[in-house]
Amino acid sequence: MPHTPPWEPGLLASLTGVGPGPSAHDKRVALRSALASGGAPLVLPGVTDALGARLVEEAGFAAAYATGAGLANAGYGLPDIGLISQAEVVDHAGRLAEATRVPLVCDADTGYGGPLAAMRTVRLLERAGVAGLQLEDQEMPKRCGHFDSHALIPAGHMQTKIAAACEARTDDRLVIIARTDARSVHGIDEAIERGRAYAEAGADVLFVEAPRTVDELALVGRELAGIPLVVNVVEGGKTPQLTVSEYAELGFGVVLFANYLMRSMHFAGREALAHLREHGETASRAGRMADWTQRQNLFNLPRFSAAESALDREFGSFG
């Protein structure tokens, strides 16, 4: 008769980052399901670290977004001007994917080179466990889409890169998002034409960066209807800030808040440090930070402690 494991059913599966959890394929299926739901848009908060990923999951969002600008800013103290390498992004994405049970979409910039580099980027990020990745049509080094002075590769070259990226994936559930920054260089009509071309090349989702007006958003939604569309909400950026439901009415199925969480943490951190510097204590500010229990629960300490205790027993001693 087989021995009973010395832990309760489901205990080890609850240990995110250590125990068994949803496979990368399962997360990709979940992401595709969210994109195809036809209901409310997929709201995609950006994260810069495992803390952010856990907060997004705890808040009930269906997926998280590994922001490239946020990684440059929060991970390296650098501006978003193409200074972070493929290897650094892949390593970072792997940690984030391990830290959460929800699908992770990764900003992969240009794919870090031409079509062959993009193919390798797909393979590496696929192995890292991401559910989707985003490629854009800027020349290297790229820049934040809400900066000025972008330079683009030819549309046909980007089509080749997308087709090659799609061919490189070993799991056809991996979502490929194609972003164009053509609005900032050639205008909204060229951006829409590039969007059509990238869909023809095999992109699963289209991302027209930085439309300037509600009319431009509506035009993108009409002209590119039939494929999931991303709108990027950059507070203080070039695109009008609307509600999620208003973006949905304009035809957008994914509403990306790439750096809202990082910027909120930035603001709260400055305020907290100013208080400490001025007052020399933190006790009076206890109500404005996570308490001890909230912090430990977010990182699942009670379940890890229970697992440690159970795993100290000999096999067959449970019961």
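Below, all heavy atoms of this structure are taken into account, side chains as well, without hydrogens, waters or symmetry copies.
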[Y] reachable from [X] in the ILVMFWY side-chain graph, under 4.5 Å edges:
X    : Y    : answer
M289 : L298 : no
M158 : V220 : yes
V105 : L125 : no
L104 : F61  : yes
I227 : V205 : no

Give a yes or no answer on whether the side chain of [X] reaches the backbone of [Y] with a donor-acceptor pair at less than 3.5 Å.
X    : Y    : value
T160 : G156 : yes
N73  : L78  : yes
E281 : S284 : yes
K161 : E136 : no

Inset, instruction - Before giving the answer on salt bridge (Lys or Arg N to Asp or Glu O under 4.0 Å), spell out for D171 and R28 the whole-Å C-alpha distance, their side-chain angles and the decisive distance to 0.1 Å. - result: CA-CA 9 Å; D171 183 350; R28 292 163 192 153; 3.0 Å; yes
Inset, instruction - On the 0 to 90° scale, with breaks at 30° and 60°, tag the H275-H279 ring pair as parallel, tilted or perpendicular. - result: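 Tilted, since the angle between the ring planes falls between 30° and 60°.
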Rounded to the nearest 0.5 Å, what separates atom [atom1] in [X] from atom [atom2] in [Y]?
X    : Y    : atom1 : atom2 : result
L44  : L256 : CG    : CG    : 5.5 Å
L133 : T121 : CG    : OG1   : 8.5 Å
R212 : S184 : CZ    : OG    : 4.0 Å
W7   : E308 : CH2   : CD    : 14.5 Å
T48  : H266 : OG1   : NE2   : 12.5 Å
L124 : M119 : CG    : CE    : 12.0 Å

Inset, instruction - Scan L224, V208, L217 and name whichever one has a side chain to side chain contact (heavy atoms under 4.5 Å, CB included) with F252. - result: L217
Inset, instruction - Identify the residue among T110, D181, I153 that makes a side chain to side chain contact (heavy atoms under 4.5 Å, CB included) with E139. - result: I153
Heavy-atom count around [X] [atom1] within 6.0 Å, excluding the residue itself: above 12?
X    : atom1 : value
L116 : CG    : no
Y260 : OH    : no
R169 : CZ    : yes
R285 : CZ    : yes
E167 : CD    : no

Inset, instruction - Heavy atoms only: give me the nearest A62-L42 pair and the separation to one decimal. - result: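 Closest approach of A62 to L42, heavy atoms only: CB-CD1, 3.9 Å.
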Check: [Y] and [X] side chains under 4.5 Å, non-hydrogen atoms:
X    : Y    : answer
V254 : V231 : no
T239 : N232 : no
T180 : F207 : no

Does a donor on one side chain sit under 3.5 Å from an acceptor on the other, for [X] and [Y]?
X    : Y    : answer
D312 : S309 : no
T67  : D107 : no
Q86  : R120 : yes

Inset, instruction - Apply salt bridge (Lys or Arg N to Asp or Glu O under 4.0 Å) to R303 and E8, showing your working. - result: CA-CA 11 Å; R303 299 293 280 176; E8 63 183 85; 3.8 Å; yes
Legend entry - Trace of the salt bridge (Lys or Arg N to Asp or Glu O under 4.0 Å) decision for D91 with R95: CA-CA 7 Å; D91 179 66; R95 290 197 302 273; 2.3 Å; yes
Inset, instruction - Please test R54 against D49 for salt bridge (Lys or Arg N to Asp or Glu O under 4.0 Å), starting from the C-alpha separation and ending with a verdict. - result: CA-CA 9 Å; R54 287 291 179 85; D49 55 21; over 6 Å; no
Legend entry - Lys/Arg-Asp/Glu bridge criterion (N-O < 4.0 Å) met for R194, E190: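 Salt bridge between R194 and E190, a charged N being under 4.0 Å from a carboxylate O: yes.
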Legend entry - Positive for salt bridge (charged side-chain N to carboxylate O under 4.0 Å, His left out) with R183, one of E216, E193, E209: E216
